[in-house]
Structure formats: C-alpha cells, structure tokens
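Worksheet: one structure, shown below.
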Amino acid sequence: AVKSDASGSYQLYDADIKDTRAERRALDDALKNALESREFELFYQPILDLTTNQMWGCEALIRWRHPAKGMIPPLQFIPAAEESGLIGPIGDWILEEACSTAMTWGLPLQVSVNLSPVQFKRRDVLASVKKALSLSGLPAHRLVLEITESVKLTEEAVATLKRLKDLGVSISLDDFGTGYASMSYLRSFPFDKIKIDQSFVRGIMDSPDSRAIIKATIGLAKDLKMSTTAEGVETSEQLNALRIAGASQAQGYLIAKPMPREEVAAFIMDARKTQLSRRDEKHSLH
Ligand code: C2E
Ligand code: MG
Ligand code: MG
Ligand code: MG
C-alpha cells in the first residue's frame with residue numbers, strides 16, 4: 001500500500017534496501033558463475049628494474065570478462081567477492097593461474113600477486129600458496145605476495161607471513177602511505193618490498209610534499225633493507241626523478257599497461273631478445 005508523507009519516505013527506503021539486496025544476490029550468483037565459466041582473467045603489468053634497466057617481473061591484475069558487460073575492473077567486484085567469501089576460491093584460482101603463467105615466460109622473472117585481507121582472515125593462505133607453487137612448479141623465490149595495510153597484522157597474521165617467507169616467497173607492502181598506520185605497520189613485519197602508492201608518484205614533479213615523502217620512504221626502506229617499487233609512473237620526468245631518488249623498480253603506463261597473458265608473453269620475448277643482444281654486444285667487446 002502506498003503511504004503518504006513521512007511513512008511514504010520510509011517505504012521508499014525499504015524498497016531501496018530490497019533492491020540493493022536483490023542486486024547483491026544477483027552479483028554474488030554472477031560471480032560464482034563467472035568462476036565456474038572461466039570468465040575471470042589475469043592481466044599482467046610489466047615492472048622495470050631501475051638498477052639493471054631490465055624487466056624485473058609483472059604484477060598480476062584480475063579482470064572479469066563479462067559476456068554482456070565487457071571487461072569489468074577489480075574494484076567493481078572484488079569487494080563483493082570479499083563480502084560473500086567467494087574471494088577464497090577466486091583467490092586460489094588467481095594464485096594458481098599467476099604461478100603457472102609465470103612458468104611459461106622463458107625468463108626467470110618475478111610474478112607479484114595481490115592478496116585480499118579476507119583471504120588472510122578466512123583462508124589457509126599458506127596451504128593455497130604451497131598448492132599453487134607445487135601445481136605450477138614455480139620456484140618460491142619468483143613469487144611475490146602483495147598485501148595492504150587493510151590486512152590486520154595480528155599475531156596470527158604475522159606468523160602466517162613469516163611462514164610464507166620461510167617458503168622463500170617475498171612479501172610486499174602495497175599502496176604504502178595511504179593507510180592509517182604505515183610506520184607501526186613496517187615495525188610489525190620485515191617486508192621485502194614497499195610499493196609507493198601512485199598518488200605520491202603523481203605529485204613528484206609539482207608537489208614538494210609528495211617528493212619529500214617519496215625520498216623519505218626510499219631512504220627508510222633502504223635502512224630497513226627493503227626494496228621499493230614506484231607505482232603509477234606515467235611520464236619520463238617522473239621516471240627520472242624516481243631513478244635519482246633511488247627507487248628499485250618502476251611500474252606504470254609509461255613502461256607498459258596491464259595486458260592479457262598472450263600480449264605479455266610477446267612483450268617478454270622482446271625483452272629477452274634485447275637482453276640477449278646486449279649480452280652479445282658485451283661479449284664481442286672482449
Ligand atoms: P594495486 O594492486 O595497487 O594495482 C595497481 C593498479 O594501478 C592497477 O589497477 C593498475 O592497472 C593501475 N595502474 C598501473 N599503472 C598505472 C598508471 O600508470 N596510471 C594509473 N592511473 N593507474 C595505473 P587495477 O588493475 O584496476 O586494480 C586495482 C586494484 O584492485 C589493485 O590495486 C588491487 O588492490 C586490486 N586487485 C587487482 N587485482 C587483484 C587480484 O588479483 N586480487 C586482489 N585481491 N585484488 C586485486
Ligand atoms: Mg598491487
Ligand atoms: Mg598499489
Ligand atoms: Mg591500489
């Protein structure tokens with residue numbers, strides 16, 4: 001029944017909630033179906049090693065190739081997958097797919113995989129990682145796991161991270177500087193790498209504050225024996241500034257965009273050829 005005035009607005013509110021819930025259930029079903037129908041796909045974004053000027057590796061970034069809606073970016077479905085718990089099986093698939101793809105690259109590059117905080121809380125991440133490594137045959141030292149400050153570093157979480165490191169896997173702190181507790185976070189666990197968030201890189205040329213934060217982060221990382229990757233590098237000016245500041249690696253559209261498995265394979269083949277010809281040049285000098 002249609003009510004008037006104040007109660008009418010309540011009814012509208014109720015209807016909105018129902019809509020949202022129905023939409024949400026539909027999204028959960030669609031996600032479950034997407035996993036079964038293999039609609040998820042990993043893109044790979046090359047990362048440049050600034051000390052050698054060669055490829056360091058790639059970050060795996062999930063996409064949903066929806067049959068009707070086209071390519072859907074992760075921020076539009078990962079949160080729902082986290083709430084429904086589906087991130088568990090999706091996360092296992094991501095690990096297995098990324099590790100087995102890295103085995104096809106023909107160069108011993110690193111592969112970096114994002115871990116959801118929910119995977120940490122609800123899943124046996126250690127078992128998932130061990131399984132992905134043994135199924136693919138990827139040596140543990142080629143796998144990097146990225147976590148953000150949204151993972152609560154409880155005693156249990158720290159113990160899990162330590163056991164992952166004992167396997168030979170590296171642990172990277174993603175989006176550094178955007179969370180609430182960056183400094184105490186660094187003190188809680190010996191990360192191998194800090195990824196400097198793209199919001200700071202974006203400001204490196206024009207904002208003295210961003211530049212100061214980047215410089216300080218790189219210096220801090222060095223003292224803590226951690227390496228640094230600058231994210232979101234879009235211009236050669238930014239890349240130069242990051243080189244001068246001493247960043248270990250750079251990642252961003254300037255170097256390459258995230259691309260499908262086949263395209264990144266071709267990109268790596270090219271990188272391999274230039275590395276080989278550089279080596280030949282060196283040899284012919286002697
Ligand atoms: P992230 O891990 O910080 O990934 C970097 C994001 O920056 C990616 O967005 C990438 O496409 C984008 N990016 C790279 N270079 C540039 C650049 O030069 N300029 C700009 N403007 N953007 C750049 P994407 O792929 O949309 O992923 C967004 C976030 O979604 C990721 O942030 C990560 O937190 C999450 N995510 C992506 N893939 C996965 C996954 O497989 N599992 C989990 N749990 N989360 C994922
Ligand atoms: Mg990441
Ligand atoms: Mg990031
Ligand atoms: Mg991010």
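Counting starts at 1 for both ligands and their atoms, in listed order. If you're wondering where the values come from, they're calculated on a predicted model, not measured in any experiment.
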Test item: side-chain donor near acceptor, S199 and D197, under 3.5 Å: yes
What are the atoms of ligand 1, with element, lying closer than 4.0 Å to any heavy atom of Q45? 14 (C), 15 (N)
Any N or O on D175 sitting closer than 3.5 Å to an N or O of ligand 1? yes
According to the interplanar angle, ranging from 0 to 90°, do the rings of F77 and W64 count as parallel (below 30°), tilted (30 to 60°) or perpendicular (above 60°)? perpendicular
Check for a donor-acceptor pair, side chain of S207 on one end and backbone N or O of I204 on the other, with a separation under 3.5 Å. no
Which bit of D197 is near ligand 1, meaning a heavy atom under 4.0 Å away: side chain, backbone, both or neither? neither
Among side-chain atoms of D92 and Q119, is any donor-acceptor pair under 3.5 angstrom? no
Do the side chain of S188 and the main chain of S184 share a donor and acceptor less than 3.5 angstrom apart? yes
Just wondering, is there an N, O or S atom on T148 that's nearer than 2.8 Å to the Mg ion (ligand 2)? no
For G232, the ligand 1 atoms whose distance to one of its heavy atoms is below 4.0 Å: 16 (C), 17 (C), 18 (O)
Do the ring centers of Y185 and F191 come within less than 6.0 Å of each other? yes
Out of P74, A60, P79, who gets a non-hydrogen atom closest to atom 24 (P) of ligand 1? P74
Regarding Q249 and T229, do their side chains bring together a donor and an acceptor under 3.5 Å, going by distance alone? yes
Distance-only, no hydrogens or angles: does the S37 side chain make a donor-acceptor pair with backbone N or O of E39 under 3.5 Å? no
Proximal atoms of ligand 1 relative to P258 (non-hydrogen, under 4.0 Å): 11 (O)
ring-ring contact (aromatic ring centres under 6.0 Å, His included): which pairs involve residues 100-119, sequence neighbours left out? Y44-W105
Using a 4.0 Å heavy-atom threshold (strictly under), name the region of R63 that reaches ligand 1: side chain, backbone, both or neither. side chain
For S116, the ligand 1 atoms whose distance to one of its heavy atoms is below 4.0 Å: 44 (N)
Strictly under 4.0 Å, does any heavy atom of E59 approach an atom of ligand 1? yes
Could you tell me whether some N/O pair between Q119 and ligand 1 is separated by less than 3.5 angstrom? no
Taking non-hydrogen atoms only, is L75 closer than 4.0 angstrom to ligand 1 via side chain, backbone, both or neither? side chain
Would you mind running through ligand 1 and noting each atom that sits below 4.0 Å from a heavy atom of E234? 17 (C), 18 (O), 19 (N), 20 (C), 21 (N)
Looking only at atom types and distance, does a side-chain atom of D192 sit under 3.5 Å from a main-chain N or O of I171, one as donor and one as acceptor? yes
Ligand 1 versus V233: contacting region, heavy-atom distance under 4.0 Å: backbone
Check: E41 main-chain N/O paired with E97 side-chain donor or acceptor under 3.5 Å: no
Looking only at N, O or S atoms in E59, which is nearest to the Mg ion (ligand 2)? OE2
Any N/O/S atom, backbone or side chain, of D175 lying under 2.8 Å from the Mg ion (ligand 3)? yes
Do side-chain atoms of T160 reach the backbone of E156 as a donor and acceptor pair under 3.5 angstrom? yes
Part of I94 with heavy atoms under 4.0 Å of ligand 1, whether side chain, backbone, both or neither: side chain
For the Mg ion (ligand 2), the nearest N/O/S atom on E146 is atom OE1
Here the atoms of ligand 1 under 4.0 Å from any heavy atom belonging to D174 are 1 (P), 2 (O), 3 (O)
Euclidean distance, L95 CG relative to S128 OG, rounded to 0.5 Å: 6.5 Å
OE2 (E231) to the Mg ion (ligand 3) to OD1 (D174), nearest 10°, is 90°
Just let me know how Q198 lines up against ligand 1, side chain, backbone, both or neither, with a heavy-atom cut-off below 4.0 Å. side chain
So, K193 side chain and S248 main chain: donor-acceptor pair closer than 3.5 Å or not? no
Numbered atoms and elements of ligand 1 in range of I62, under 4.0 angstrom, heavy atoms: 38 (N), 39 (C), 40 (C), 41 (O)
Checking heavy atoms under 4.0 Å, the part of E231 that sits near ligand 1 is side chain
